[in-house]
Amino acid sequence: MTENYKKIKQIYEGKAKKLYTLKGHKDLLLQEFKDDATAFNALKKGKILNKGIINCELTTFLFTYLRKKGVRNHFVKQVSANEMIIDRLKIVPIEVVVRNIAAGSLLKKTNFKEGHQLAKPIVEFYYKDDSLGDPMISDSHALAMKIATEKDLKTLKQMAENINTILKPFFLKRGLKLVDFKLEFGKDKTGRIMLGDEITPDTCRLWDKKTNKKLDKDRFRFDLGGVNEAYAEVRKRILGK
Ligand code: TMP
């Protein structure tokens with residue numbers, strides 16, 4: 001923490017992060033990254049060594065990079081190893097998943113084998129609601145529930161596709177295939193949609209370019225071993241440390 005940003009109150013604790021209000025900055029929040037890891041709607045729980053620090057550093061780096069490429073996002077400033085200041089957004093309760101290679105839940109919806117290169121990226125919407133287990137929804141579900149407008153959905157899809165176009169070559173240059181990833185968005189006080197949340201090995205599938213070794217949270221989800229090492233390897237490839 002720097003003197004300029006004094007935490008007042010924790011307003012949210014999720015599975016991997018906490019949010020705090022800040023003294024004298026009503027349009028900002030402090031986002032703290034935890035070492036805690038969960039999977040399958042928190043049925044499985046654990047910790048990953050230095051995950052809070054690694055995910056904070058990676059999100060700082062990637063959101064700064066995306067901003068340079070014109071992607072509006074909530075990142076303001078990293079203020080400690082595992083804390084960052086972000087714009088306060090009104091979260092759109094939709095998780096946007098982009099897929100380049102078949103893996104994970106796509107294998108239950110299609111006959112694609114794991115590793116199949118998709119002819120075109122797939123964009124999916126999930127309703128962010130733990131009590132329902134974050135079900136996949138269509139545009140019409142989102143409109144019927146009034147959680148987004150037609151225009152919002154178009155923006156979410158366009159921004160997600162644009163982020164994919166930017167990040168795919170970014171990761172590939174660092175020896176990582178961007179298999180799929182999850183994004184969250186929110187609206188700022190003027191109503192503009194911005195990218196929020198995080199981009200980390202918790203929210204992306206990243207495979208080694210040559211060996212297809214999984215270097216992401218799937219190692220934790222499916223007890224593949226070498227979880228801490230995978231996070232450290234991604235940190236090294238992206239941040240060089
Ligand atoms: P899925 O294949 O399980 O649907 O996951 C797609 C991507 O979304 C994958 O990169 C992991 C990420 N993800 C999250 O970030 N949070 C979640 O709760 C889930 C289920 C997936």
Side-chain angles (χ1 to χ4, degrees), residues 12-17 31 33-46 48 51-52 54-56 58-59 62-63 66 73-74 91-118 120-138 141 156-157 159-161 163-168 170-172 176-186 195-208 212-224 227 230-231 233-234 238:
Y12 170 83
E13 175 157 17
K15 296 172 200 126
K17 296 187 293 294
Q31 173 165 263
F33 291 74
K34 306 192 287 182
D35 288 347
D36 299 345
T38 66
F40 315 115
N41 206 7
L43 272 171
K44 182 181 170 82
K45 289 192 175 115
I48 298 176
K51 181 167 86 78
I54 294 173
N55 284 357
C56 184
L58 285 170
T59 298
L62 292 168
F63 277 53
L66 286 169
N73 66 67
H74 73 166
I91 289 297
V92 177
I94 295 177
E95 299 192 346
V96 184
V97 168
V98 183
R99 303 177 186 275
N100 297 305
I101 295 173
S105 67
L106 185 66
L107 306 178
K108 295 181 201 146
K109 297 185 187 107
T110 62
N111 289 317
F112 293 137
K113 296 270 176 296
E114 184 178 69
H116 175 82
Q117 176 69 51
L118 301 172
K120 193 178 179 294
I122 293 174
V123 180
E124 298 167 341
F125 293 145
Y126 291 82
Y127 180 37
K128 197 172 150 59
D129 184 319
D130 282 340
S131 68
L132 297 173
D134 296 346
M136 189 162 102
I137 56 169
S138 68
H141 291 96
L156 294 185
K157 187 154 186 272
M159 285 182 76
E161 284 171 343
I163 292 164
N164 187 41
T165 303
I166 295 166
L167 291 185
K168 242 191 324 183
F170 172 91
F171 282 113
L172 206 57
L176 295 165
K177 289 186 198 170
L178 180 58
V179 173
D180 55 35
F181 58 100
K182 185 261 309 183
L183 301 170
E184 295 188 28
F185 296 85
L195 175 67
D197 198 47
E198 62 177 294
I199 300 182
T200 65
D202 276 14
T203 62
C204 301
R205 286 196 172 92
L206 300 165
W207 294 356
D208 179 77
N212 281 343
K213 182 176 176 186
K214 296 180 165 84
L215 294 170
D216 56 60
K217 197 172 151 193
D218 270 355
R219 303 206 75 82
F220 169 79
R221 291 189 187 101
F222 302 109
D223 296 318
L224 303 178
V227 182
Y231 278 70
E233 179 65 26
V234 172
I238 308 290

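Note that ligands are numbered from 1 as they come in the structure, with each ligand's atoms numbered from 1 the same way.
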Original post:
E233 versus P201: any side-chain heavy-atom pair under 4.5 Å?
Top reply: no
Original post:
Is the shortest heavy-atom distance from the side chain of Y127 to the side chain of H141 under 4.5 Å?
Top reply: no
Original post:
Got the closest protein heavy atom to atom 15 (O) of ligand 1, with its distance?
Top reply: K182 CE, 3.0 Å
Subject >> side chain to side chain donor-acceptor pair (under 3.5 Å) partner of K15, chosen from D130, T38, D202 >> reply: D130
Original post:
Going by the order shown, which atoms of ligand 1 are within less than 4.0 Å of some heavy atom of R99?
Top reply: 1 (P), 2 (O), 4 (O), 6 (C)
Subject >> Check: R219 side chain, K214 main-chain N or O, donor-acceptor pair, under 3.5 Å >> reply: yes
Original post:
Would you say L66 and F170 make side-chain contact, with heavy atoms under 4.5 Å?
Top reply: no
Original post:
Applying a strict 4.0 Å limit to heavy atoms, is K217 in contact with ligand 1?
Top reply: no
Original post:
Under 4.0 angstrom from atom 20 (C) of ligand 1, is there any protein heavy atom?
Top reply: no
Original post:
Nearest heavy atom to atom 5 (O) of ligand 1: which of E198, E184, R205, M136 does it belong to?
Top reply: R205
Original post:
Are D216 and R205 close enough for a salt bridge, meaning some N to O gap below 4.0 Å?
Top reply: no
Original post:
In terms of atom number and element, which parts of ligand 1 are under 4.0 angstrom from non-hydrogen atoms of T203?
Top reply: 10 (O), 12 (C), 15 (O)
Subject >> Under 4.0 Å to a heavy atom of F181 - the qualifying atoms of ligand 1, by number >> reply: 10 (O)
Original post:
Which value, rounded to the nearest 0.5 Å, describes the distance between K51 atom NZ and D36 atom CG?
Top reply: 7.0 Å
Subject >> F112 versus L106, closest heavy-atom pair with distance >> reply: CD1-CD2, 4.2 Å
Original post:
Does ligand 1 have an atom that lies less than 4.0 angstrom from a heavy atom of D202?
Top reply: yes
Original post:
Tell me, which protein residue and heavy-atom name are nearest atom 4 (O) of ligand 1, and how many Å apart are they?
Top reply: S105 OG, 2.6 Å
**OP:** Please could you name the atoms of ligand 1 that G104 approaches to less than 4.0 Å, counting only its heavy atoms?
**Re:** 2 (O)
Original post:
Would you say D180 has any N or O atom under 3.5 Å from an N or O of ligand 1, going by distance alone?
Top reply: yes
Original post:
Please state which protein non-hydrogen atom is closest to atom 17 (C) of ligand 1 and give its distance, to 0.1 Å?
Top reply: E95 OE1, 4.4 Å
Original post:
Which ligand 1 atoms, with their elements, are less than 4.0 angstrom from a heavy-atom of R221?
Top reply: 11 (C)
**OP:** Evaluate the side-chain proximity of I199 to L167: yes if any heavy-atom separation is below 4.5 Å, no if none is.
**Re:** yes
